[in-house]
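Below is one structure, written out as structure tokens; comments come after it.
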Amino acid sequence: MDLAAIGELLIDFTPSGVSEQGNPLFECNPGGAPANVLAAMTRLGGTGAFIGKVGSDTFGSFLYDILKQNGIDHRGLRFDPKVHTTLAFVHLSRTGDRSFSFYRDPGADRMLTFEEVDQDVIRQAKAFHFGSVSMTHEPSRTATLGAARFARELGKTISYDPNLRPALWNSLEEAREVIIRGMEYADILKISEEELIFLTGQTDLEKGAELLAEVFRGRILLLTLGPNGCFFGMDGKYDRLPTYDKVKTIDTTGAGDAFLGGFLFRIRPYFGRLQELTFDELRDAVNFANAVGSLATTRKGAIPAMPRLEEVMALLEA
Ligand code: ATP
């Protein structure tokens, strides 16, 4: 198996117009960055498994079906009768900016314990992926960090996308401290410009990347820049690539997860021997990932928007 990912799997209620009575309507969408990354990987033709927790309720069953429909191994999904599946409502401001309100006190996603982590799934995967949403609270913080440590001990290639959601943390100081702790285990770090500023206080990409290198000792840094593509680095050398901005963008939800799933798919032959990847091969994988990310913006939602390999190849060849 290519990739095991641990973390949140939840429902995103996205605004969907108004009812006949004039009340706001919300559409029930599967959400959670680690599951999105896995969906990008399987849609392209790779294989992946999810590790996490939902409630023993209708939403939990819906999310289980989504994993199944997307060919994602769900042995590591736990159902908890004592807590509800986590819910998030997405609000759009008049200017189109997104904000979230989470119903997670506690939600099932943050109740996964280390004992519940299916170690066989990690053993069987060549790479492991995690984020920081599952590290905001215990017991899932220990479960996530423990799983990352276990994957590291087994020599897996480890990818990490902090995906900062300030509203979920008790304090931003704690967020910074725990997010940096996660870097200890990662070979590949994917962050956004906003997260670079949060972590380093720097808006200059190269200066920020150099500051980050003091705490992130892994090999590959991917800094995605939305419609401006990606700034990336390996072993202290940096470069940037534009994305495919001629596509018809309608919804950027999950673009970062599509990008990372695409990147991991492309470097699969190097899982377990990442030190052999050359800078040219890194650039090729970033270009591929840009194509996957940009295609994901042409459809609504995250998981349903992930492109197939043929679509990506057609865009790359166009
Ligand atoms: P999210 O958290 O919403 O998933 P992110 O901040 O992690 O997003 P972005 O930098 O927004 O990730 O996007 C990831 C990649 O997707 C970009 O590097 C780019 O290749 C592609 N992308 C994003 N937005 C656009 C766009 N408007 N047009 C074309 N490509 C885009």
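In each ligand, atom 1 is the first atom listed, and ligand 1 is the first ligand listed. Every heavy atom of this structure was used, including side-chain atoms; hydrogens, water molecules and symmetry mates were not.
- Residue contacts with ligand 1, taken as heavy atom pairs separated by less than 4.0 Å, involve T249 solely via side-chain atoms from C-beta onward.
- Side-chain contact annotation: E174 with S171, donor-acceptor N/O pair under 3.5 Å absent.
- Heavy-atom contacts from other residues, nucleotides or ligands closer than 6.0 Å to NE2 of H74 number more than 12.
- Protein heavy atom closest to atom 3 (O) of ligand 1, with residue, atom name and distance, is R98 NH2, 3.5 Å.
- Of the candidates A296, A258, G256, G256 brings a heavy atom nearest to atom 1 (P) of ligand 1.
- When heavy-atom distances to ligand 1 are checked against a 4.0 Å cut-off, T224 comes that close through both its backbone and its side chain.
- G46 and D2 get closest at one heavy-atom pair: CA-OD2, 3.3 Å.
- In this structure, E194 falls outside the shell of residues with a heavy atom less than 4.0 angstrom from ligand 1.
- Scanning the protein for heavy atoms near atom 6 (O) of ligand 1, the closest one is S192 CB, 3.6 Å.
- In E194, the CD atom is not crowded: 12 or fewer heavy atoms of neighbouring residues, nucleotides or ligands sit closer than 6.0 Å.
- Within the structure, the closest approach of L225 to ligand 1 falls below 4.0 Å when heavy atoms are considered.
- If you number the atoms of ligand 1 from 1 as listed, the ones under 4.0 Å from a heavy atom of K190 come out as 5 (P), 7 (O).
- Near P227, meaning under 4.0 Å from any of its heavy atoms, are these atoms of ligand 1: 24 (N), 25 (C), 26 (C), 27 (N).
- In this comparison of C230, S294, P242, G226, the heavy atom closest to atom 29 (C) of ligand 1 sits on S294.
- In this structure, Y103 has its ring center closer than 6.0 angstrom to the ring center of F89.
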